Amino acid sequence: MADEALFLLLHNEMVSGVYKSAEHGEVENGRCITKLENMGFRVGQGLIERFTKDTARFKDELDIMKFICKDFWTTVFKKQIDNLRTNHQGIYVLQDNKFRLLTQMSAGKQYLEHASKYLAFTCGLIRGGLSNLGIKSIVTAEVSSMPAF
């Protein structure tokens with residue numbers, strides 16, 4: 001539990017630090033999100049290398065996505081993805097109803113606009129992991145309502 005609290009605090013400080021450094025240079029929001037995603041990308045690459053070193057090769061893309069949803073997500077966020085959907089044409093939707101990096105924020109609608117900056121690192125994390133497994137991807141996040149405890 002202590003490591004989870006440290007991860008949440010580190011993530012919040014990382015987002016805050018990127019946005020504070022941008023305030024001095026008056027950089028737009030998109031650059032900050034890109035910077036956070038690139039940080040996540042590198043971390044995702046490293047984590048996948050560690051997590052898969054003793055794992056058998058994956059048969060197909062769906063096996064890789066199942067690994068991301070079960071093992072990778074569980075190791076990073078201490079729970080499995082709630083729902084994995086696919087159209088069997090290369091589009092996957094991963095749904096986490098109680099995403100830990102957003103549950104600390106208030107559930108009010110005014111905070112929905114700030115959710116993207118707290119999701120950018122995670123999008124990069126997934127994209128980096130998939131990249132290291134040989135899948136080129138575009139990872140986006142969508143929040144329709146803030147998760148509750």
Side-chain angles (χ1 to χ4, degrees), residues 3-4 6-8 10-19 21-22 27-149:
D3 58 337
E4 180 182 351
L6 291 174
F7 176 70
L8 292 173
L10 176 64
H11 182 266
N12 286 339
E13 285 301 313
M14 187 173 52
V15 171
S16 177
V18 166
Y19 275 84
S21 69
V27 177
E28 72 268 6
N29 188 34
R31 278 196 170 152
C32 293
I33 287 178
T34 301
K35 188 172 187 177
L36 287 166
E37 186 182 358
N38 288 337
M39 292 166 75
F41 182 84
R42 179 60 197 112
V43 171
Q45 284 182 319
L47 287 176
I48 281 294
E49 279 184 25
R50 269 198 199 116
F51 297 162
T52 59
K53 70 179 181 181
D54 297 328
T55 306
R57 291 181 77 65
F58 298 107
K59 289 185 282 189
D60 57 7
E61 210 173 74
L62 185 58
D63 273 351
I64 292 172
M65 292 309 296
K66 287 178 182 177
F67 175 81
I68 295 290
C69 292
K70 291 180 182 177
D71 300 321
F72 184 76
W73 203 263
T74 301
T75 304
V76 176
F77 297 109
K78 308 296 185 231
K79 69 181 283 296
Q80 288 186 10
I81 285 286
D82 294 322
N83 194 0
L84 168 65
R85 288 182 281 160
T86 183
N87 67 353
H88 298 289
Q89 296 175 353
I91 295 178
Y92 296 90
V93 177
L94 286 66
Q95 186 174 355
D96 188 345
N97 297 323
K98 294 184 180 179
F99 186 59
R100 298 209 189 290
L101 298 178
L102 293 180
T103 54
Q104 306 300 318
M105 297 174 71
S106 178
K109 288 209 181 278
Q110 70 268 26
Y111 295 104
L112 277 175
E113 66 188 48
H114 297 289
S116 62
K117 61 184 171 184
Y118 290 94
L119 295 171
F121 180 81
T122 305
C123 288
L125 200 69
I126 294 170
R127 194 171 62 86
L130 291 173
S131 171
N132 230 11
L133 293 172
I135 297 176
K136 291 186 183 203
S137 61
I138 298 171
V139 179
T140 59
E142 182 180 306
V143 180
S144 55
S145 64
M146 296 298 277
F149 285 104

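Predicted model, so just to flag it, every value in this text is computed and none were measured.
Counting only heavy atoms from C-beta outward, the side chains of Asp71 and Phe51 never approach each other to under 4.5 Å. For the pair Leu130/Met65, a side-chain contact is recorded, criterion being any heavy-atom separation below 4.5 Å from C-beta on.
Ile64 CD1 to Arg57 CZ: the interatomic distance, rounded to the nearest 0.5 Å, is 9.5 Å. From Gln80, atom CD reaches atom CG of Asp82 across 9.0 Å, with rounding to the nearest 0.5 Å. Between Met14 atom CE and Met39 atom CE the span is 5.0 Å, to the nearest 0.5 Å. Atom-to-atom distance recorded for Leu133:CG and Phe67:CZ is 7.0 Å, nearest 0.5 angstrom. Taking CZ from Phe72 and OG1 from Thr52, the interatomic distance works out to 10.0 Å, rounded to the nearest 0.5 Å. Remark: Tyr92 OH to Thr86 OG1 distance equals 4.5 Å, nearest 0.5 Å.
Put simply, the side chain of Ser131 never gets that close to the backbone of Lys136: no donor and acceptor are under 3.5 Å apart.
Counting non-hydrogen atoms of neighbouring residues, nucleotides and ligands closer than 6.0 angstrom, the NZ atom of Lys70 reaches no more than 12 such neighbours.
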Legend entry - Asn97/Asn83 under side chain to side chain contact (heavy atoms under 4.5 Å, CB included): CA gap, chis, key distance, verdict: CA-CA 9 Å; Asn97 297 323; Asn83 194 0; over 6 Å; no
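In this structure, Ala120 and Leu36 approach most closely via the heavy-atom pair CB-CB, 3.9 Å. A pairwise comparison of heavy atoms in Asn12 and Tyr118 identifies OD1-CE2, 3.5 Å as the closest pair. Nearest heavy atoms, Trp73 versus Asp96: NE1-OD2, 2.9 Å. Nearest heavy-atom pair, Ile81 versus Gln95, reported as atom, atom and distance to 0.1 Å: CG2-O, 3.3 Å. The shortest non-hydrogen separation linking Val15 to Lys117 is CG2-O, 3.7 Å.
Partner Arg127 forms a side chain to side chain contact (heavy atoms under 4.5 Å, CB included) with one of Ile135, Asn38, Thr140, Ile138 and no other, that one being Asn38.
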